[in-house]
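Source: prediction; values computed, not measured. Atoms considered below: every heavy atom in the structure, side chains included; atoms not considered: hydrogens, waters and symmetry mates. When a ligand or atom number is given, it counts from 1 through the structure's own listing order.
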Amino acid sequence: MRIAIIGGDGTGPEVAAEGLKVLEAVAEKVGFRYETKEFNLSGDRYLQAGGDPKFPSIPVIHDSEIEELRTFDAIYLGAVGHPDIAPGILEKGLLLKLRFTLDQYINLRPVKLYPGVWTPLKDKGPDDIDFVVVRENTEGIYTGMGGVQYKGTPQEVSTQMNCTTRFGAERAIRYAFEFCRRRNSRKRMVTLVHKTNVLTFAGDTWFRAFHEIGEKEYPDIKRDYNHVDACCMWFVKNPEFYDVVVTDNIFGDIITDLAAIIQGGLGVAAGGNLNPKGVSMYEPMGGSAPKYTGKKVINPIAAIAAMAMLLRETGSHTGNAQLAEAGNRVEAAIMAVTPMMKSQAAAQMGYSTTQVGDLVVRAVRQS
Ligand code: IPM
Ligand code: MN
């Protein structure tokens, strides 16, 4: 297996290093070989190459670099975001660019409360908080279609289009149903989240695709629908109700931050940008955390969970049982370590970044 490493900005390289330590331990344990190559695609590189901090002026990543990334089995990303660079330049120039160009059409976000992790939801525990959000990752209002006219005048007009295709909705929906079968939980249910009472065009495309595909191809799986606003209430009130959620790009972005806090926050939450037939990219949900950079106090659990997902999903996409087993072992090791930590918040873990990584490595070796 060949993995491309993009440490990125701020604390990104620190947490990625812990994930790589765990990878080394589990590869030895399970007995597989791998190779890694680092790519410097940081905000610092953009600035040093003469990039303007205020507007996108030169590529954050070059086409030749994307072509090289394409040849890897997986990409492991630390964090994107630089305090001296205007919001959007790196996010669009690197993260969204890779998602779109590599056609990573699924954003997979497991929402699992690990043992011993604090949740702000009263009376809810690990048995209640265990579901998965499948977010469409290449369409919706993220495509950048639209524009601005009469900018800076009182007549300023801006549009930002919701680009929804039947094709895009269908592939996300099928992925969600397949994932639900693979999860095989007692609930066996996929919930579509949209806003069909207002978005009567795009929502309707999703709604019909969901029910037509579900009825014809997945009669064994229950179908459920939530408006996105109501879904936010239910995530808080009855998280135990959910099994697999499928939704469009922006709704998925928003509800997965809500989901992240109920699973213990950005120190824990991991995500995968998936192209099941191409190259997928795995990342901790947290940002680059400039104020903690270099202090070794940031929580690496999310990055280690992203590594677990990288192994499990790469194993599942390629039919490699050894990798899938390695992913499961890493997740089990995380679950052995979280009860030992004081908190999942940065600087409050009771351990440093590297100590948490060492604890997971030890748990992998002992498994
Ligand atoms: C995420 C992030 C990104 C998104 C940002 C950084 C562009 O919030 O992965 O959820 O909106 O998709
Ligand atoms: Mn987000």
According to the salt bridge (Lys or Arg N to Asp or Glu O under 4.0 Å) rule, which pairs have a member within residues 353-367, sequence neighbours left out? Lys21-Asp358

Asn320 vs Thr318, test: side chain to side chain donor-acceptor pair (under 3.5 Å). Steps then yes/no. CA-CA 5 Å; Asn320 183 330; Thr318 60; 5.0 Å; no

Ignoring water, what protein N, O or S atoms are under 2.8 Å from the Mn ion (ligand 2)? Asp253 OD1

Between Asn238 (side chain only) and Glu240 (backbone N and O only), is there a donor and an acceptor less than 3.5 Å apart? no

NZ or CZ of Arg135 within 45° of Tyr142 ring axis and under 6.0 Å: yes

Check each of Lys124, Arg183, Lys187, Arg186 against Asp130 using the salt bridge (charged side-chain N to carboxylate O under 4.0 Å, His left out) test, and report the only one that passes. Arg183

Run the ring-centre check on Phe251 versus His194 and record whether the distance is less than 6.0 Å. yes

What pairs of residues pass the ring-ring contact (aromatic ring centres under 6.0 Å, His included) test when at least one of them lies in residues 68-112, not counting sequence neighbours? Phe39-Phe72

State, with a plain yes or no, whether a side-chain heavy atom of Glu139 is found less than 4.5 Å away from one of Asn249. no

Between Ser158 (side chain only) and Val148 (backbone N and O only), is there a donor and an acceptor less than 3.5 Å apart? no

Under a strict 4.0 Å criterion on non-hydrogen atoms, which protein residues are in contact with ligand 1? Glu91, Leu95, Arg99, Arg135, Tyr142, Asp253

